[in-house]
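All chains are named by letter (A, B, ...) in the order of the sequence lines, taking the proteins before the strands, and each is independently numbered beginning at 1.
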2 protein chains.
Amino acid sequence: MRDISDDMRERLRAASVIFAERGFDGTTIEALSETTEVPSSTLYYYFTGKEEILTFLLGDWLERTSAGVENAICGEGSAKERLAAVVTAQLDAMAKDPATCQVLLAELGRIDRLPHVAEAVRAAFHAPVAKLLADGIAYDHFRVVDIENATSMLYGAVIITGLHHVISSHGAVPAFDSTAVADSVMDLVLTGLERV
Amino acid sequence: MRDISDDMRERLRAASVIFAERGFDGTTIEALSETTEVPSSTLYYYFTGKEEILTFLLGDWLERTSAGVENAICGEGSAKERLAAVVTAQLDAMAKDPATCQVLLAELGRIDRLPHVAEAVRAAFHAPVAKLLADGIAYDHFRVVDIENATSMLYGAVIITGLHHVISSHGAVPAFDSTAVADSVMDLVLTGLERV
DNA sequence: TCATACTTTGGAATGAGATTACAACATAGC
DNA sequence: GCTATGTTGTAATCTCATTCCAAAGTATGA
């Protein structure tokens, strides 16, 4: 993949919407070319193929997401407060770029086969949660739970809830109120369903 | 789609494994034909195409899953106990047929475009959870939470945790101990992270 | 200003694979 | 045996993705 100019990066954003609407293999290079107003020969000049375009879009989004999450994880506050900040940052990234995050989740299987993207997902979604759970347990703010399972659960809860709101929003941007959803998620995660 | 004999149904199961390994569009009809030992012309006699084969496999699995879940939801016990039974049934279905459930989650985007499958997923995974949450709140066994979000969260927690174990198990059947994972999931969902 | 290197783009060629068409053969039930 | 239905091989089509190539454009430094 060659260096992508800012102009090109800008035009390519529209490609996420097409991928989200039609799925990866329902999307032809021709459709991407028309939507982005970049001729298909030019697309092939920059990218080795359709999959690399997808990789670029997801990588770009995940990089921005990671930046927000890093920021949240490094902040002040208890593990609990930082976990809330991380979840908010993740949901905020989803709300702000619903098309790309929808593609990411629609193509989970393919992503497993794209090591660069898989690693970026881990860095933006898994790792921060695992770290904060471990911190919270170590400092006695959280109960002792199975970190492996709890990490998967929290990851799943966040992305599926975000996806639900993305799909319900029919393309609005931002797709939902990330703070409100994050509050709802953290409420259940911290306190649980059961009455005390 | 024509009626599928039991013999054919049996052979087709192997197709899930190929779909899981290679993804939907990485899988050629030829590969399915070799794996299932059903000639490709015969596959086209029964199905309109590759996507209908996928629909059949997922529908078959979801039907079995729904049966188990229905059973759990109708049983004795409080909303809490029945919720645990539902989660166990869902995870058990995943553990017993890891390939099919992996395909389901790998192709989430495509499934959105297959109304029959989307509806079956709702029936097997969403609806039972939503109902039990509502019941539990109505009978004062659960705190009052936003049911829409809580349903998505629990659904996400279950499928992503199940998927994690499926992938970690590298094809073993059953892929994991569904009761143990369900206990872990229910512990967090009921009690939350926070120390009391 | 020119030469060189890189960028952009159109259009034709190639090739893989999905799907269809069709014909031959098998088999079950009547 | 007769007919409808199931089974399968082969050839023909069609839709893309991808590759090739050549003609312009453009920036840049000598």
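- Candidate nucleotides C:dT9, C:dT7, D:dA17 were compared by shortest atom distance to the side chain of A:Pro39, and C:dT9 ranks first.
- Note: CG (A:Asp25) to C1' (D:dA17) measures 12 Å, nearest angstrom.
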Open item on the list: Determine whether B:Glu194 and A:Arg143 satisfy the following criterion, salt bridge (Lys or Arg N to Asp or Glu O under 4.0 Å), listing intermediate values before the conclusion.
Closed with: CA-CA 6 Å; B:Glu194 213 156 28; A:Arg143 288 192 304 130; over 6 Å; no

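- Between the side chain of B:Thr28 and the base of C:dG17, no donor-acceptor pair under 3.5 Å is found.
- Listed nucleotides D:dG9, D:dA17, C:dG10 differ in distance to A:Ile29; the shortest reach to its side chain belongs to D:dA17.
- Across all their heavy atoms, B:Ala72 and B:Ala89 have their closest contact at CB-CB, 4.5 Å.
- Between the CG atom of B:Asp3 and the C1' atom of D:dT5 there is a distance of 13 Å, rounded to whole Å.
- Contacts of B:Ser40 with the nucleic acid, taken as non-hydrogen atoms under 4.0 Å apart, are absent.
- Closest contact between the side chain of A:Lys50 and the listed nucleotides C:dT7, D:dA17, D:dG9 involves D:dA17.
- Atom-to-atom, CD of B:Glu34 to C1' of D:dT8 comes out at 15 Å; the value is rounded to the nearest Å.
- Across all strands shown, A:Thr27 has heavy atoms under 4.0 Å from sugar-phosphate atoms exclusively, and none from any base.
- Rounded to whole Å, the distance from CG on B:Leu43 to P on D:dT10 is 16 Å.
- Here C:dA24 presents its C1' atom at 15 Å from OH of B:Tyr45, a figure rounded to the nearest Å.
- Closest contact between the side chain of B:Arg2 and the listed nucleotides C:dG10, C:dT19, D:dG6 involves D:dG6.
- Regarding A:Glu37, its CD atom lies at a distance of 15 Å from the C1' atom of C:dT9, rounded to whole Å.
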TODO: Decide yes or no on side-chain contact (heavy atoms from CB on, under 4.5 Å) for B:Glu51 and B:Arg110, but give the supporting numbers first.
DONE: CA-CA 9 Å; B:Glu51 196 163 76; B:Arg110 186 182 311 277; 3.3 Å; yes

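- Put simply, OH on B:Tyr46 is 21 Å from C1' on C:dA18, counting in whole angstrom units.
- Computed from coordinates, the B:Glu30 CD to C:dA16 P distance equals 14 Å when rounded to whole Å.
- Side chain to side chain, B:Asp135 and B:His141 fail the donor-acceptor criterion of an N or O pair below 3.5 Å.
- Each of C:dT7, D:dT7, C:dT9 was ranked by its minimum atom distance to the side chain of A:Thr42; first place goes to C:dT9.
- A donor-acceptor contact closer than 3.5 angstrom links the side chains of A:Glu148 and B:His164.
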